[in-house]
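In what follows, chains are A, B, ... by sequence order, proteins preceding strands, each numbered from 1.
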2 protein chains.
Amino acid sequence: MQSQDLKKAGLKATLPRVKILNFLESSKVRHMSAEDVYKAMLESGDDVGLATIYRVLTQFESVGLVTRHHFEEGHSVFELNLGEHHDHIVCIKCGRIDEFYDATIEKRQREIAAKNGFEMTDHALCIYGVCPDCRDQK
Amino acid sequence: MQSQDLKKAGLKATLPRVKILNFLESSKVRHMSAEDVYKAMLESGDDVGLATIYRVLTQFESVGLVTRHHFEEGHSVFELNLGEHHDHIVCIKCGRIDEFYDATIEKRQREIAAKNGFEMTDHALCIYGVCPDCRDQK
DNA sequence: AACGTAATGAGAATTTTTCGCATCTTGAGT
DNA sequence: ACTCAAGATGCGAAAAATTCTCATTACGTT
């Protein structure tokens with residue numbers, strides 16, 4: 001039940017917020033822009049204003065429910081947090097997004113931050129390339 | 001002489017392009033938005049239209065003269081390519097940007113791309129944190 | 001020096017995101 | 001369940017970032 005999750009995160013369980021969280025949890029697409037969420041919800045009859053989508057996704061981000069990514073498209077992409085951290089590998093042809101986790105890279109990052117005297121709060125690693133399907137079709 | 005560099009890169013050596021390249025090479029700040037470049041050049045008397053700045057930086061990117069970054073600010077940041085690839089560590093308090101290169105991470109990335117069947121074309125790694133100066137001031 | 005092609009400038013247009021404010025909900029207290 | 005204040009929403013306007021249009025200008029080749 002989403003309203004409990006929201007309250008646990010310190011947010012009032014308003015109808016738009018419940019709908020958006022519910023939508024994110026039930027969506028098969030994991031990475032979506034605010035506009036994507038807006039349109040998809042419109043289709044399914046859950047009419048939430050675009051400004052609210054932006055506000056809510058930003059709030060979800062600040063309480064850790066979602067992660068915001070800045071890939072190369074000129075707009076933010078949001079992803080529901082499912083616990084395990086991971087990085088991304090994006091196909092520059094079709095936009096397909098795969099996920100991966102690499103302990104070695106994670107460790108090196110922490111070491112590099114420490115070596116530079118930074119207190120690491122976050123990191124973003126994105127590999128760009130051509131996915132298997134797009135390579136074949138060429 | 002910048003006009004030679006431009007021609008070598010396959011671009012006509014127009015006045016705005018020479019001025020912009022010259023500005024990037026002489027700037028002490030290495031990471032700038034299109035707006036930053038526009039304003040700084042205005043100050044120094046080199047008046048180039050903002051649309052041209054955008055066009056030229058995009059061209060410079062496609063011929064490899066500059067790299068475009070998508071940090072967390074909601075706009076692109078450009079950096080003159082000086083040969084050696086590197087990644088970034090950004091202070092979320094003051095915006096300071098340090099650079100680093102880690103062979104282990106580079107190697108792992110190539111391996112991960114290969115393992116997923118991707119032909120890697122590029123990658124972006126950015127560590128976010130609080131820099132030494134900002135930690136002290138807190 | 002002349003010419004054709006490509007580049008520039010200025011502002012309009014797009015796109016993405018935020019803001020302002022009137023109205024409506026939520027959740028705490030009765 | 002009912003009331004109320006704080007906070008949330010919706011909508012359109014406003015910002016911010018970037019691209020486009022098109023008339024004018026500059027390259028560089030002849």
Side-chain angles (χ1 to χ4, degrees), chain A residues 1-23 31-42 45-63 65-79 95, chain B residues 1-23 31-42 45-63 65-79 95:
Chain A
M1 182 185 257
Q2 290 78 8
S3 53
Q4 297 314 311
D5 297 337
L6 288 170
K7 285 179 184 165
K8 214 170 296 174
L11 296 175
K12 273 213 286 202
T14 66
L15 200 48
R17 294 212 265 238
V18 171
K19 281 181 178 176
I20 292 170
L21 183 53
N22 184 55
F23 170 75
H31 303 87
M32 278 177 292
S33 68
E35 192 84 29
D36 292 339
V37 173
Y38 175 69
K39 284 182 183 159
M41 291 186 69
L42 259 191
D46 287 318
D47 199 332
V48 177
L50 182 54
T52 300
I53 303 271
Y54 273 104
R55 275 185 297 236
V56 169
L57 287 175
T58 301
Q59 291 158 349
F60 282 8
E61 182 193 14
S62 58
V63 299
L65 283 173
V66 306
T67 299
R68 182 196 301 255
H69 299 290
H70 301 271
F71 297 142
E72 297 193 334
E73 304 107 336
H75 58 250
S76 294
V77 172
F78 298 86
E79 168 180 24
Chain B
M1 181 183 258
Q2 289 78 9
S3 52
Q4 296 315 311
D5 297 337
L6 289 170
K7 286 179 184 163
K8 215 170 297 176
L11 296 175
K12 268 212 294 202
T14 64
L15 199 49
R17 294 211 266 238
V18 171
K19 281 181 177 175
I20 292 170
L21 183 52
N22 184 55
F23 170 76
H31 303 85
M32 279 178 290
S33 68
E35 192 84 30
D36 292 339
V37 173
Y38 175 68
K39 285 181 183 159
M41 290 186 69
L42 258 191
D46 289 317
D47 198 332
V48 176
L50 182 54
T52 300
I53 302 271
Y54 273 104
R55 273 185 300 235
V56 169
L57 287 175
T58 301
Q59 291 158 350
F60 282 7
E61 182 193 14
S62 57
V63 298
L65 282 173
V66 306
T67 299
R68 181 195 301 255
H69 300 290
H70 302 270
F71 297 143
E72 297 194 334
E73 305 107 334
H75 58 250
S76 295
V77 172
F78 299 86
E79 169 181 22

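- For C:dT17, one of the phosphate oxygens OP1 or OP2 lies less than 4.0 angstrom from a side-chain nitrogen or oxygen of A:Tyr54.
- Comparing atom distances between the A:Pro16 side chain and each of C:dG9, C:dT16, D:dG10 picks out D:dG10 as nearest.
- Between the side chain of A:Asn22 and the backbone N or O of A:Lys19, no donor-acceptor pair lies under 3.5 Å.
- No donor-acceptor contact under 3.5 angstrom links the side chains of A:Arg55 and A:Thr58, judged on distance only.
- Note: CZ (B:Arg17) to C1' (C:dG9) measures 15 Å, nearest angstrom.
- Taking side-chain N and O atoms only, A:Ser76 has a distance below 4.0 Å to OP1 or OP2 of C:dT17.
- Checked against salt bridge (charged side-chain N to carboxylate O under 4.0 Å, His left out), B:Glu61 has the following partners two or more places apart in sequence or in another chain: B:Arg68.
- Counting only heavy atoms from C-beta on, B:Thr52 has its side chain closest to C:dT8 among C:dT16, D:dT18, C:dT8.
- When each of B:Ala13 and A:Val56 is assigned the nucleotide of DNA chain D bearing its nearest heavy atom, the one mapping closer to the 5' terminus is A:Val56.
- In summary, of the residues considered (B:Phe78, B:Phe23, B:Tyr38), a side-chain contact (heavy atoms from CB on, under 4.5 Å) with B:Met32 occurs for B:Phe23 alone.
- Atom NZ in B:Lys19 sits about 10 Å away from atom P in D:dC27, given to the nearest Å.
- The nearest whole Å value for the distance from the CG atom in A:Leu57 to the P atom in D:dA8 is 15 Å.
- For B:Lys12, taking side-chain heavy atoms from C-beta onward, the closest of the listed nucleotides C:dA10, D:dG7, C:dT5 is C:dT5.
- Between the CG atom of A:Asp46 and the C1' atom of D:dG10 there is a distance of 16 Å, given to the nearest Å.
- Remark on DNA chain D: of its neighbouring residues A:Gln59 and B:Leu15, the 5'-side contact belongs to A:Gln59, judged by nearest-heavy-atom nucleotide.
- Distance B:His70 NE2 to D:dA17 C1': 13 Å, rounded to the nearest Å.
- Distance, B:Lys7 NZ to C:dA7 P: 14 Å, rounded to whole Å.
- One interatomic measurement links the two molecules: CD1 of A:Ile53 to P of C:dT15, which rounds to 19 Å at whole-angstrom precision.
- Mapping A:Arg55 and A:Ser33 onto DNA chain C via the closest heavy atom, the residue that lands nearer the 5' end is A:Ser33.
- Candidate nucleotides C:dT17, D:dG12, D:dC20 were compared by shortest atom distance to the side chain of B:Ala51, and D:dC20 ranks first.
- Atom CG in A:Leu42 sits about 10 Å away from atom P in D:dC11, given to the nearest Å.
- The side chain of B:His75 lies closest to D:dA17 when the candidates are C:dT17, D:dA17, C:dT18.
- The side chain of B:Thr14 lies closest to D:dC27 when the candidates are C:dT17, C:dT26, D:dC27.
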